[in-house]
Amino acid sequence: FSQELRLNGEIGDKIDWTIGGFYNNQTSVYFTRQDIRYIVPIGVPSLFLQFQGNDPVRANSKAAFGTVIFRPVENMTVTGGLRYTKEHKDYTFVRTQWDGGQLNDIFGVGALNGTVANYDGDKVDWRLSVDYRFSPEVLAYATVSTGFKGGGVTARPFTKNQATNGTFDPETLRAYEVGLKTDLFDRRVRLNLSAFYNDYKNIQLPIGDCSVLDGFAPGTGPFPCAAIQNAGDGEMYGLEAEFSASPVTGLDIDASLSWIDGKWKRIDTAAQGALRVEDPITTPAWRGSLGIQYKADLGTSGSITPRF
């Protein structure tokens, strides 16, 4: 179930405002049948690694938000926004044999059956932007905003401790962008340019060492690991260009080009089996597209549009 309500208003002819609320409530069931006995050496008891899951998952999100759009002088617009979000997630682990029977409680893994992992968190985000229209054809803008990717629980624990201790926090972002938007030659040519910088904190990454979650010193845990944790920080930055043109009726040309780069600033030791700080955070750096098409009118028979 999802619902959003908004109330809009004006103050004079210079200010528009919106306030609102959002609510979402969902329940799902994750069914799985696993056979992962290959992860332990031959001869070691591994019946607990052949199991069936039928896990109920509940999640809800509540938010309140507001936006103000202010026009202090002609051709300038200032926009500010604020949002508060509160989240809850709970995950009940069902671990049985394939036939539904009780799972052998080897190394305490069978104790996962019936375990509930909970996540509760909240976050305040904001946005501020300014744009100025130099002419009907040219608009410049700058914006800074924050956002987040919700926290949660580890969905594939091997032990009860990994389930109850595996909750992770939101991944957060602060984004900066400046740009130029143009519609030229009687709107026959559009060219948009932008530059951005994104600063990520507490990035959610898979870790290969769950020792701490299991109550052991780092690197000493005896159990396998497939958990997600807030194990890194990073940054991305780049330039983007978008172009479209309709020089004659029926002929359309479109193109885009972007350069995006960045780096990891932190990767925790527990996640370094799959990632290193010197690895690229995004790839490839250059991306582009080009298209051209022409719409040929066939009269009463319709039209045909070849495109490359």
Side-chain angles (χ1 to χ4, degrees), residues 1-26 59-89 120-151 169-202 235-246 252 254 256 258 260:
F1 175 84
S2 180
Q3 180 65 54
E4 182 170 329
L5 299 174
R6 297 188 183 193
L7 179 65
N8 303 306
E10 297 177 347
I11 302 176
D13 58 359
K14 291 185 177 296
I15 298 177
D16 299 327
W17 56 266
T18 298
I19 58 174
F22 171 80
Y23 177 73
N24 182 79
N25 192 345
Q26 64 185 50
N60 63 66
S61 178
K62 308 169 186 175
F65 56 84
T67 299
V68 175
I69 300 173
F70 176 45
R71 293 173 288 275
V73 297
E74 187 176 2
N75 297 324
M76 176 181 285
T77 302
V78 180
T79 302
L82 191 66
R83 181 184 182 100
Y84 171 77
T85 305
K86 182 176 179 61
E87 293 188 310
H88 168 81
K89 300 174 184 176
D120 288 283
D122 57 359
K123 185 76 169 58
V124 175
D125 286 302
W126 54 269
R127 177 176 182 265
L128 178 65
S129 68
V130 179
D131 63 68
Y132 186 81
R133 188 170 289 281
F134 293 94
S135 70
E137 295 81 19
V138 179
L139 179 139
Y141 70 91
T143 182
V144 57
S145 60
T146 67
F148 74 98
K149 178 181 179 181
D169 293 325
E171 174 182 321
T172 64
L173 166 69
R174 180 170 293 184
Y176 305 84
E177 183 175 345
V178 295
L180 196 67
K181 295 181 180 292
T182 67
D183 284 303
L184 308 172
F185 305 108
D186 196 24
R187 295 184 177 272
R188 290 187 177 273
V189 175
R190 170 171 289 180
L191 177 63
N192 296 333
L193 303 172
S194 66
F196 70 90
Y197 173 81
N198 291 342
D199 187 17
Y200 294 90
K201 301 290 186 184
N202 292 322
E235 60 183 9
M236 291 174 60
Y237 38 81
L239 305 170
E240 295 179 328
E242 296 176 325
F243 171 83
S244 62
S246 301
D252 296 311
D254 57 88
S256 67
S258 68
I260 303 175

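Residues take their numbers from the sequence shown, with the count starting at 1.
Side chains of Glu240 and Leu193 form no contact here, defined as non-hydrogen atoms less than 4.5 Å apart. For the pair Asn192/Phe243, no side-chain contact is recorded, criterion being any heavy-atom separation below 4.5 Å from C-beta on. Proximity of Lys181 to Tyr141: side-chain heavy atoms (C-beta onward) are separated by under 4.5 Å at one or more points. Taking 4.5 Å as the limit, every side-chain heavy atom of Trp126 sits out of range of all side-chain heavy atoms of Arg83. Put simply, the side chain of Val124 reaches to within 4.5 Å of the side chain of Leu82, judged on heavy atoms. Considering only heavy atoms from C-beta on, Pro72 comes within 4.5 Å of Val78 through its side chain. Within the 4.5 Å cutoff, the side chain of Phe65 has heavy atoms near those of the Arg6 side chain. Taking the side chain as every heavy atom from C-beta outward, Asp169 and Asn202 never approach each other to under 4.5 Å.
Rounding to the nearest 0.5 angstrom, the gap separating the OG1 atom in Thr85 from the CG atom in Asn24 is 11.5 Å. In this structure, Asp120 CG and Lys86 NZ are separated by 6.0 Å, a value rounded to the nearest 0.5 Å. Taking OG of Ser2 as the reference point, atom CG of Asn25 lies at 10.0 Å (rounded to 0.5 Å). How far NZ of Lys14 is from CD1 of Ile69: 14.5 Å, rounded to the nearest 0.5 Å. Residue Ser256 holds its OG atom at 6.5 Å from CD of Glu242, rounded to the nearest 0.5 Å. Residue Asp199 holds its CG atom at 7.0 Å from OH of Tyr176, rounded to the nearest 0.5 Å.
In this structure, Ser135 contributes its side chain and Glu137 its backbone to a donor-acceptor pair below 3.5 Å. For the pair Thr77 (side chain) and Arg71 (backbone), a donor-acceptor distance under 3.5 Å is absent.
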Please assess Trp17 against Leu7 for the test side-chain contact (heavy atoms from CB on, under 4.5 Å), listing each intermediate value before the final yes or no. CA-CA 8 Å; Trp17 56 266; Leu7 179 65; 4.0 Å; yes
One pair to check against side-chain contact (heavy atoms from CB on, under 4.5 Å): Leu180 and Val138. What are the steps and the verdict? CA-CA 7 Å; Leu180 196 67; Val138 179; 3.8 Å; yes
Is there a side-chain contact (heavy atoms from CB on, under 4.5 Å) between Met236 and Tyr200 once you walk through the steps? CA-CA 8 Å; Met236 291 174 60; Tyr200 294 90; 3.9 Å; yes
List the steps and the verdict of side-chain contact (heavy atoms from CB on, under 4.5 Å) for Glu235 and Tyr197. CA-CA 7 Å; Glu235 60 183 9; Tyr197 173 81; 2.5 Å; yes
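Side chains of Tyr84 and Asp122: a donor on one and an acceptor on the other come within 3.5 Å. Using modelled atom types and a 3.5 Å distance limit, the side chains of Ser246 and Asp252 yield a donor-acceptor pair.
Using a cutoff of 4.0 Å between basic side-chain nitrogens and carboxylate oxygens, Asp125 and Lys123 are scored as salt-bridged. Using a cut-off of 4.0 Å between Lys/Arg side-chain N and Asp/Glu carboxylate O, Asp183 and Arg188 are scored as not salt-bridged.
Minimum interatomic distance between Glu87 and Gly151 (heavy atoms only, all atoms of both residues): OE1-N, 3.9 Å.
Within the structure, side-chain hydrogen bond (donor to acceptor under 3.5 Å, both in side chains) contacts touching residues 59-69 (residues at least two apart or in different chains) do not occur.
Ring-plane geometry between Tyr23 and Phe1 is classed as tilted, the angle between the planes lying from 30 to 60 degrees on a 0 to 90 degree scale.
Applying the side-chain hydrogen bond (donor to acceptor under 3.5 Å, both in side chains) criterion to Asn8, with sequence neighbours excluded, gives Thr18.
Annotation for Arg133: atom CZ counts as buried by contact number, over 12 foreign heavy atoms lying within 6.0 Å.
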